[in-house]
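Below is one structure, written out as structure tokens; the observations come after it.
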Amino acid sequence: MRIIKIFDTTLRDGEQSPGCSMNVDEKISMAKQLVKLGVDVIEAGFPIASPGDFAAVKRIANEVQGTIIAGLARAKEEDIRRAWEAVKDAPKHRIHTFHSTSDIHLKYQFRVSREEALKRSVAMVRLARSLAEDIEFSPMDATRTELPYLIEVVQAVIEAGASTVNIPDTVGYTTPTEFGAMIRAIKETIGNTAVIAVHCHNDLGLAVANSLAAIRSGAGQVECTINGIGERAGNCSMEEVVMNLATRKDFYKATTNINTKEIIRTSRLLTRITGMHVQPNKAIVGANAFAHESGIHQDGLLKEKMTYEIMRPEDIGLKQTELILGKHSGRHAFKSRLQELGYDLAPEEIESAFVKFKHLADQKKEIFDEDIETLVTEEFSRIPVVFRLMDLKVASGMGVVPKSTVKMKIRGRSVQKTAKGDGPVDATYKAIAGMTRTKSNLLKFEVKGITGGTDALGEVVVTLEENGKNARGQGADTDIIVAAAKAYINALNKIASRKK
Ligand code: KIV
Ligand code: ZN
């Protein structure tokens, strides 16, 4: 059976989604999880884009093993050298370079002729090939490029040393039939001289369908992101394309190296890091993807699962949420649960998480896996802590002007402030804003229950804006006002760490 390579660009194209930027530690956690998931290539970033991007790609190249680490570069000498510097320490590395080929881009954006674009692409692939063995080239906006010219570019870059040619549907314009024919024409010309990759955007909701059509026509690599995040309407969703291949092997006659049991954990990790939730009816990883509501369906399922279930929840790593630990559970049980959940923590980290767990268990009778995952991610997000919440007392209710007294440590110094507001969260935020003297604006405030029940751990995600840059903060607690305060302070810490 053919193995389709999965090239994950969550940390590059995915990170280009509004509000999805990640700090270096978050990128490292995500990259390590992508290795567990079994992706063949991680596109770790665009090293020339900023010093932060360069540092992130370099750290991933040094710390994350078991997969190819790729860095993106425009077809420009300085980009290619920077990408090489960033990825070269990875045991397996790739330079991914690109140049537009459509007349629309060449005429209006780059103001170069087709001949010049071809010449630059070839020269830059040659330069990249003089530095690294594994080179990928993308003719950007390929799906709006005249086919004979596209094929000419593809052939020329293969001759210059590209071992993968990626055909991007940059603006999400193509259709499955049209794209399938385009990939077939390229495959018939180049044979097995290079791997054909596809990179589809989802502007018309066709990214997965277009990628699958390309696989049928001979593409050997799919570029995708977890939860389908990415520029504008996003990229091809990894979990959807992988589960299509897994579920319909009979039709596609192809498979991947993905350990599908890691899908849900990877999807949730990304959600926790970025604060960007997937819609409940999203295929594969949405909250309702395996929930059967209709009586007729439930009746069928009770008789035989196959009646209405084409995939098993456990295939993507979804378990019935189990009741696992409570306030009487000890360190040993807690530690082994952490290991089962895939967390490999140092003894002092386990100790610190255990203290938090006990505190949570005092507030909440039943501790679910999701509670533990939230607690651990919150504890080890590794953002430098300038502002810390120490205590919070709120007075609110009908006919009462809400008032909040917040105690914080700011750079190690204890401070306290009381403020009034339109509601308890507003009063709390006013107190925090007063003490931290923040100049940020609150753009978004979202609340979500992590587990069921009135004692559920509530999660709050806020987006702040300062000097044109956004920062997302998350906080979880059984008390939603405390969760809101934690989320606000988390975002303020992110802004402070940027200033540093
Ligand atoms: O969408 C696109 O064309 C890209 C390229 C850089 C591959 O992201
Ligand atoms: Zn893209």
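Heavy-atom basis, side chains included; hydrogens, waters and symmetry copies ignored. When a ligand or atom number is given, it counts from 1 through the structure's own listing order.
- Note on ring orientation: taking the six-membered ring where Trp is involved, the planes of Tyr429 and Tyr488 are parallel (angle under 30°, cut-offs 30° and 60°).
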Requested in this report: Quick one: do Glu115 and Lys119 satisfy salt bridge (Lys or Arg N to Asp or Glu O under 4.0 Å)? Show the steps, please.
Outcome: CA-CA 6 Å; Glu115 293 69 36; Lys119 214 169 99 194; over 6 Å; no

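- No option in Leu270, Ile226, Leu269, Ile28 other than Leu269 meets the side chain to side chain contact (heavy atoms under 4.5 Å, CB included) test with Gln33.
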Requested in this report: Let me see the working for Glu85 and Lys88 under salt bridge (Lys or Arg N to Asp or Glu O under 4.0 Å), right down to the final yes or no.
Outcome: CA-CA 6 Å; Glu85 275 305 310; Lys88 68 178 186 197; 3.1 Å; yes

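- Under the ring-ring contact (aromatic ring centres under 6.0 Å, His included) criterion, Tyr308 pairs with His297, not counting sequence neighbours.
- Cation-pi geometry between Arg216 and Phe251 is met: the NZ or CZ atom falls under 6.0 Å from the ring centre, inside 45° of the normal.
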Report task. Assess whether side chain to side chain donor-acceptor pair (under 3.5 Å) is satisfied between Asn192 and Lys187, documenting all intermediate values. Result -> CA-CA 8 Å; Asn192 293 328; Lys187 180 77 187 165; 3.0 Å; yes

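- At a heavy-atom cutoff of 4.0 Å, ligand 1 is surrounded by Arg12, Asp13, His96, Phe98, Ser138, Met140, Asn166, Pro168, Thr170, His199, His201.
- Considering Lys5, Lys92, Arg94 in turn, Arg94 is the only one that fulfils the salt bridge (charged side-chain N to carboxylate O under 4.0 Å, His left out) rule with Asp134.
- Arg81 meets the side chain to side chain contact (heavy atoms under 4.5 Å, CB included) test with Glu77, Leu127, Leu131; sequence neighbours excluded.
- Around the Zn ion (ligand 2), the protein atoms of type N, O or S that sit closer than 2.8 Å are Asp13 OD2, His199 NE2, His201 NE2.
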